[in-house]
A.B. asks: 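Handing you this structure, nothing more for now.
In the text below, chain A, chain B and the rest are named by the order of the sequence lines, each starting its count at 1.
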2 protein chains.
Amino acid sequence: MPRPSAPSPRNGTAAPCVEEVDTSFLETLIGYNARRAALAVIDVFLERMAPYGLRPVDFSVLSLVAHNPGITSRQLCATLGILPPNLVGMVNALEQRELLARKPHPRDGRAMGLHLTPGGQKLVRDAEKTAAALEAEVGARLTAAELQTLLRLLKKVYGSD
Amino acid sequence: MPRPSAPSPRNGTAAPCVEEVDTSFLETLIGYNARRAALAVIDVFLERMAPYGLRPVDFSVLSLVAHNPGITSRQLCATLGILPPNLVGMVNALEQRELLARKPHPRDGRAMGLHLTPGGQKLVRDAEKTAAALEAEVGARLTAAELQTLLRLLKKVYGSD
DNA sequence: TATTGTTATACTCTATAACTATA
DNA sequence: TATAGTTATAGAGTATAACAATA
């Protein structure tokens with residue numbers, strides 16, 4: 001590890017080196033901090049969801065279908081910021097695992113409504129419990145009030161207020 | 001929220017459909033909200049940095065080199081969570097644009113210290129001003145106190161406290 | 001004509017293995 | 001032996017264009 005100042009006296013034109021990285025400017029940026037926080041939480045999320053064979057995006061899809069039976073691909077895409085071509089494979093995979101099923105939309109022949117199978121419902125129940133537990137765990141670094149504040153401010157930032 | 005009740009009276013075994021998507025569960029999760037906030041801010045960041053020819057990661061690299069002259073690739077990678085093989089191309093590109101330069105590390109023959117050129121210094125000054133302005137703009141949805149709180153809580157979440 | 005779901009495809013980002021030169 | 005930087009490459013994630021069926 002480099003040690004510039006004190007020890008080496010003769011330092012005429014020598015290139016400096018860095019002991020401890022100064023990140024103070026980046027740390028003033030919302031984007032930088034929000035991204036780091038998201039990655040930290042999602043890392044843990046990824047581990048805890050592995051036993052269910054779910055990535056974060058799979059969990060999001062299944063959870064939305066659970067709370068919105070009959071939701072269409074288009075609605076899922078708009079909600080999660082996924083592009084339609086990229087959702088197709090995910091839904092196919094979840095359907096092959098018999099976690100969800102496509103059913104004809106009652107009033108739009110073009111669309112397919114998505115529904116959980118009984119197995120999918122059980123999986124989502126368990127996975128949501130795990131997610132809530134993880135949330136409490138990560139939230140242990142914060143007080144309950146801080147957690148509420150954090151969620152409120154984040155929603156303000158991205159406009160869901 | 002599913003609303004099977006009011007509009008369609010005869011609804012014997014028909015599959016339900018969704019009027020307005022209920023995201024209330026996902027919105028209780030820190031990861032979901034932090035990711036959405038990060039993406040929203042980074043989207044604007046991407047637009048504003050385009051005139052400088054910088055992606056967010058390029059900005060982060062240049063800003064860190066500016067505030068840490070002589071920083072090594074290894075230190076950059078550790079700070080930004082980038083893998084060494086993926087940093088090489090970025091540094092090469094920035095070096096070819098004559099924004100930064102590799103110089104031999106004063107005490108470790110294996111390492112190269114990174115330094116901004118005069119042109120790089122000017123670009124970073126301008127880009128950081130733009131970033132700060134953007135921050136104030138996004139922060140306009142929040143009060144100054146809320147912004148400080150948000151940054152503090154995010155740092156608590158990812159452990160930089 | 002516009003929209004839903006889909007295919008094919010390209011591009012970017014991220015991850016792994018292995019090599020070199022120095023320590 | 002371990003580490004810094006690099007190369008090559010594989011994989012995941014994200015993007016656009018175009019098509020068939022339906023509105």
A.B. asks: Which nucleotide of DNA chain C is the first, and which the last, in the 5' to 3' direction, to come under 4.0 Å of a heavy atom belonging to chain B?
C.D. replies: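 Nucleotide range with atoms under 4.0 Å of chain B: C:dC13 to C:dA23.
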
A.B. asks: Show me, pair by pair, the donor-acceptor contacts under 3.5 angstrom made by side chains of residues 132-140 of chain A, not counting sequence neighbours?
C.D. replies:
from	atom 1	to	atom 2	distance (Å)
A:Glu135	OE2	B:Ile30	N	2.4
A:Glu137	OE1	A:Arg48	NH1	3.2
A:Glu137	OE1	A:Arg48	NH2	3.4
A:Glu137	OE2	A:Arg48	NH2	2.7

A.B. asks: Report each atom pair, protein N/O against N/O of nucleotides 21-23 of chain D, whose distance is under 3.5 angstrom.
C.D. replies:
from	atom 1	to	atom 2	distance (Å)
D:dA23	OP1	A:Gly109	N	2.8

A.B. asks: Taking only residues two or more places apart in sequence, or in another chain, which ones meet A:Phe45 in a ring pair (Phe, Tyr, Trp, His ring centres under 6.0 Å)?
C.D. replies: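 Result, ring pair (Phe, Tyr, Trp, His ring centres under 6.0 Å) vs A:Phe45: A:Phe59.
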
A.B. asks: Could you list by number each residue of residues 70-89 of chain A showing a heavy-atom separation from DNA chain C of less than 4.0 Å, or answer none if no residue does?
C.D. replies: A:Thr72, A:Ser73, A:Arg74, A:Pro84, A:Pro85, A:Val88

A.B. asks: Carefully, step by step, assess A:Asn92 and A:Arg102 under the rule side-chain hydrogen bond (donor to acceptor under 3.5 Å, both in side chains).
C.D. replies: CA-CA 10 Å; A:Asn92 282 341; A:Arg102 292 174 166 99; 3.1 Å; yes

A.B. asks: Taking side-chain contact (heavy atoms from CB on, under 4.5 Å) as the definition, give me every residue that meets it alongside A:Glu98, ordered by chain and number, with sequence neighbours left out.
C.D. replies: none

A.B. asks: Going by side-chain hydrogen bond (donor to acceptor under 3.5 Å, both in side chains), name the residues that satisfy it together with A:Thr23, two or more places apart in sequence or in a different chain.
C.D. replies: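 Only A:Glu27 meet the side-chain hydrogen bond (donor to acceptor under 3.5 Å, both in side chains) criterion with A:Thr23.
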
A.B. asks: Mind running a 4.0 Å heavy-atom check of residues 51-61 of chain B against DNA chain D and sending the residues that fall below it, in number order?
C.D. replies: none

A.B. asks: Using the salt bridge (Lys or Arg N to Asp or Glu O under 4.0 Å) criterion, which residues pair with B:Arg97? Sequence neighbours excluded.
C.D. replies: none

A.B. asks: With sequence neighbours left out, write down each residue that passes side-chain contact (heavy atoms from CB on, under 4.5 Å) with B:Leu83, or none if nothing qualifies.
C.D. replies: B:Pro85, B:Asn86

A.B. asks: From CD1 of A:Ile42 over to C1' of D:dG13, roughly how many Å is that when rounded to an integer?
C.D. replies: 13 Å

A.B. asks: Quick one: ring pair (Phe, Tyr, Trp, His ring centres under 6.0 Å) pairs with a partner in residues 60-79 of chain B, sequence neighbours left out?
C.D. replies: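 Every ring pair (Phe, Tyr, Trp, His ring centres under 6.0 Å) pair that includes a residue of residues 60-79 of chain B, provided the two are not neighbours, is A:Phe25-B:His67.
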
A.B. asks: Can you list every pair that meets salt bridge (Lys or Arg N to Asp or Glu O under 4.0 Å) and has a residue in residues 62-84 of chain B, with sequence neighbours left out?
C.D. replies: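 Residue pairs passing salt bridge (Lys or Arg N to Asp or Glu O under 4.0 Å), neighbours aside: none found.
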
A.B. asks: Would a 4.5 Å heavy-atom cut-off, applied to side chains only, mark B:Val61 and B:Leu87 as touching?
C.D. replies: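 Heavy-atom side-chain distance check passes, below 4.5 Å.
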
